[in-house]
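Within every chain, numbering begins at 1; the chains are lettered A, B, ... in the order of the sequence lines, protein sequences first and strands thereafter. For the numbers below, each heavy atom of this structure counts, side chains included, while hydrogens, waters and symmetry mates do not.
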Amino acid sequence: MLKDITLGQFFPGNSLAHRLDPRTKIVLTLLYIVALFCAKWFVSYGLVAAVLLIAVKISGVAPRALVKGLKPILFIICFTAVLNLLYTPGEPLVSFWIFTITREGVQTAFFMILRIVMLIMGTFLLTYTTSPIALTDGLETLLGPLKKIRVPVHELAMIMSIALRFIPTLIEETDKIMSAQKARGADFETGNILQRARALVPILVPLFISAFRRADELAVAMECRCYHGGQGRTKLRVLRCEARDYLVLLAYCLMLAGVLVLARFGL
Amino acid sequence: MKPIIRVENLVHTYGINTPFCRSAVDGVSMEIYEGEFLGIIGHTGSGKSTLIQHLNGLLKPTGGTIFLGDRDIWADPKKIREVRFRVGLVFQYPEYQLFEETVYKDIAFGAKNMGLEEGEIDRRVRSAAAFAGLGEDLLDKSPFDLSGGQKRRVAIAGVIAMEPEVLILDEPSAGLDPAGRRSLLENIRRYHRERGTTVVMVSHSMDEVAENVDRIIVLADAGVVMSGTPHQVFSRARELMDVGLNVPQVTQVAMELTRLGVDIDPAVYTVADLRAALAARRGGTAKC
């Protein structure tokens, strides 16, 4: 049940999408998002969608996995769609009680759904093809210039990678504790809200205890290896941009330019 | 003997439709008889833990059936909780599941979930604590103030307090020191002797299994490879080693003696048996 959570999960592989430099991939994702938000009409959306499709094809990630990632935000998608549908002024199509659905509303709602779905899929593609370690490594280098204004970039990256590293561990642990309490007849599925909240105590208490224990052990282990932050630290895997990185970047820049031009003409 | 749990052609596959798809249990059929002390052994990753989580309905089989008594436990998924009360499962490192303020309350958790009345719960908690070797003075303490070994006993008592027909323990002695291990196993043996209920112990320590159980089931690569009395199983030492297991140390000594030309049974598995066998050869009683 908990194992089904795919948020931020990494699917190992050896496609072009996997081998790109994580920095490139982060920048690509940013370019993709900007292009997505600049898109206005079918033609420009089509261009961005085409790029997404090609990227998915190249990455070898199962489209099913991408669709599954949409499930948790299904509510948000429906909510925005309904709001846009009902509250966009314009030429009325249908009207009942106090609601009026306009032609513009239908359009906005449609493009809004398209935009959110493509946004999620594009960003999931990044986390599906990039290991959390590579991702934080890339972020750390990209944010490097901020060190000049005393932003603790390395520490933030470290916190992030530790957090990411422990998500699966904690999920597994929660699963184990839940099984153990279920074996003693704990019931998480029935009862009213209050009873269900109370049923969480037997999971949360052991989970917190073990999380604190783990944090303590990790701190000691890091201390033992003389960890003292980012000063003068070298890397096992040095990030290096290659020709393919620049080529893909160029392709994405062209896409963004294309979208901007198309949007200018209202397409 | 009558089987209390019958497993038929059990299959369990993790992560269907992902790149991580893998069968942890593949076509296992076995029986657990009423009142026996059964040992399940297998190397790490042989599917032991997955198998036992099916026996009380924590995992739902991908294929195959599990019968408790005469009933398929998944015949009515709404009644699966009752199966969990009848088949008590103690997980590996169970001390991490404690959460209550006092040892007493933690042991009572399972019994309370059964909806028993106060007096019955009290009787069960005290009897379970005694079986697990916990003194009355510990019952009012916080479980988090206890030592690791005591915590584990609290967790085991919590399952015993449900008075299950079958008690399953997953590596109950893992990570304990020799003294703690010995006394915990002694407690489990006494529980089995005095209650007369079925006990299943999962382990990969041959010596531990050899000293305690009536019957052994050997798992390897997601399937059952051997089943029989300790004597039957340990006489197939070669095959055990082929699946990454070993025979008890005493059996290793006996095998070595046989190789050197001493005429004794190479499959003896307890120190007492080996001593008796050697003494019989000398035609007298052992003096050591």
Nearest atoms (heavy-atom pairs only) where A183(A) meets L89(B) |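 Heavy-atom minimum between the residues: CB-O, 4.0 Å.
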Please report the shortest heavy-atom distance between G185(A) and F85(B), naming the atom on each side.
->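 Residues G185(A) and F85(B), closest heavy atoms: CA-CE2, 3.5 Å.
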If you count heavy atoms of other groups shown closer than 6.0 angstrom to [atom1] of [X], is the number above 12?
X	atom1	value
E223(A)	CD	no
E120(B)	CD	yes
I193(A)	CD1	no
E118(B)	CD	no
N192(A)	CG	yes

Given the options L59(B), V159(B), L98(B), which has more heavy-atom pairs under 4.5 Å with chain A than any of the others?
->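 Heavy-atom pairs under 4.5 Å are most numerous for L98(B).
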Picking from E82(B), Q97(B), R84(B), M162(B), which has the most non-hydrogen pairs under 4.5 angstrom with chain A?
->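 Highest number of heavy-atom pairs under 4.5 Å: Q97(B).
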Of the backbone (N, CA, C, O) and the side chain (C-beta and beyond), which part of A180(A) lies under 4.5 Å from a heavy atom of chain B, both, or neither?
-> both
Under 4.5 Å to a heavy atom of chain B? For S179(A) that would be both
Is there side-chain contact between I177(A) and Y96(B), with at least one heavy-atom pair below 4.5 Å?
-> no
Steps toward side chain to side chain contact (heavy atoms under 4.5 Å, CB included) verdict (V205(A), F144(B)) = CA-CA 11 Å; V205(A) 172; F144(B) 303 108; 4.2 Å; yes
R184(A)/D106(B) under salt bridge (charged side-chain N to carboxylate O under 4.0 Å, His left out): CA gap, chis, key distance, verdict | CA-CA 10 Å; R184(A) 293 202 280 167; D106(B) 212 290; 3.1 Å; yes
Apply side chain to side chain contact (heavy atoms under 4.5 Å, CB included) to F99(B) and Q181(A), showing your working.
-> CA-CA 10 Å; F99(B) 69 97; Q181(A) 308 299 26; 3.5 Å; yes
Under 4.5 Å from a heavy atom of chain A, the part of E100(B) involved =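 Nothing of E100(B), per the 4.5 Å heavy-atom cut-off to chain A.
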Quick one: pull up CD1 in I80(B) and NZ in K182(A) and give me the separation to the nearest 0.5 Å.
->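 Interatomic distance, I80(B) CD1 to K182(A) NZ, rounded to 0.5 Å: 10.5 Å.
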